[in-house]
Amino acid sequence: MHNALGKYSVVLQDEMATQILAEKFAVVLMEHIATHGIGLGIQCHLSGDLGAGKTTWVRALLRACGYTGRVKSPTYTLCEPYSLTLKNFRANANEKHAYIDVYHFDLYRLRDAREWEEAGFRDYLSGALCLIEWPERALLPVPDVIITLSEKGSGRDAQIEAYSPVGKILVDHLSYAR
């Protein structure tokens, strides 16, 4: 793996703390998208053992981004698509709202890394926000951000690392949002 351009680490005491951190990340993410647009897309990998809180993180992030529908785990479907409405979108003066495609992947059930390519999922990475659980099960490009959740006693350790200029902006702003 490449060297991280930035890193943010915190101990999360419980599931609520995981949700709060995901909400803070969502605020930083949406501010960045509102100002700069989605561009080539933003890719976040979520790593950690079963039960570490990856899907909890995604649910909290989508809720904080304004999604009000049901957030399903894509364990069996591999991918769940969502659309977010971004209000007060400043990247284009003619638009007051923008819509962002979000794809939540759970690659736990992949038996072979080639299944990702064969399913055509690589096409989803362009111009969308992609949240990918179990990224190590596919051959993926280097992400913008890797979020690693690991159990620590009754809580979790969270480590958020940046691997692109956009990821560095997100991680740096998250550090200031304490």
Heavy-atom closest contact (Lys54 atom, Asp49 atom, distance): NZ-O, 2.9 Å
Shortest non-hydrogen separation from Thr18 to Gly53 and the atoms involved: CG2-O, 4.2 Å
Nearest 0.5 Å, please: how far is [atom2] in [Y] from [atom1] in [X]?
{"X": "Asp101", "Y": "Leu84", "atom1": "CG", "atom2": "CG", "answer": "9.0 Å"}
{"X": "Arg137", "Y": "Asp106", "atom1": "CZ", "atom2": "CG", "answer": "9.0 Å"}
{"X": "Leu170", "Y": "Ile160", "atom1": "CG", "atom2": "CD1", "answer": "9.5 Å"}
{"X": "Leu107", "Y": "Leu46", "atom1": "CG", "atom2": "CG", "answer": "10.5 Å"}

Derivation and outcome, side chain to side chain contact (heavy atoms under 4.5 Å, CB included), residues Tyr82 and Cys65: CA-CA 11 Å; Tyr82 301 95; Cys65 290; over 6 Å; no
Could you check if a side-chain atom of [X] sits within less than 4.5 angstrom of a side-chain atom of [Y], using non-hydrogen atoms only?
{"X": "Tyr8", "Y": "Gln159", "result": "no"}
{"X": "Val27", "Y": "Glu31", "result": "yes"}
{"X": "Thr56", "Y": "Gln19", "result": "yes"}
{"X": "Ile169", "Y": "Val28", "result": "no"}
{"X": "Met30", "Y": "Ile100", "result": "yes"}
{"X": "Leu110", "Y": "Leu78", "result": "yes"}
{"X": "His32", "Y": "Ile42", "result": "yes"}

In one Ile/Leu/Val/Met/Phe/Trp/Tyr side-chain cluster, 4.5 Å: Phe105, Tyr108: yes
Pair Glu161, Tyr163: side-chain N/O donor-acceptor within cut-off below 3.5 Å: yes
Side-chain donor-acceptor distances from residues 138-150 under 3.5 Å, at least two apart:
residue, atom, partner, partner atom, Å
Asp144, OD1, Ser164, OG, 2.5
Asp144, OD2, Gln43, N, 2.8

N/O donor-acceptor pair under 3.5 Å between Glu117 side chain and Arg114 backbone: no
Pairs meeting criterion side chain to side chain donor-acceptor pair (under 3.5 Å) with involvement of residues 58-69, two or more places apart: none
Contacts of type ring-ring contact (aromatic ring centres under 6.0 Å, His included), residue Tyr103, not counting sequence neighbours: Tyr124
Distance-only donor-acceptor pairs under 3.5 Å for side chains of residues 126-136, two or more places apart:
residue, atom, partner, partner atom, Å
Glu133, OE1, Thr55, OG1, 3.2
Glu133, OE2, Thr55, OG1, 2.8
Glu133, OE2, His104, NE2, 2.6

Contacts of Gln13 that satisfy side-chain contact (heavy atoms from CB on, under 4.5 Å) - sequence neighbours left out: Val11
Residues which pass side-chain contact (heavy atoms from CB on, under 4.5 Å) with Ala119, listed by chain and number, not counting sequence neighbours: Phe121
Neighbour count above 12 (heavy atom, 6.0 Å) for Arg122 CZ: yes
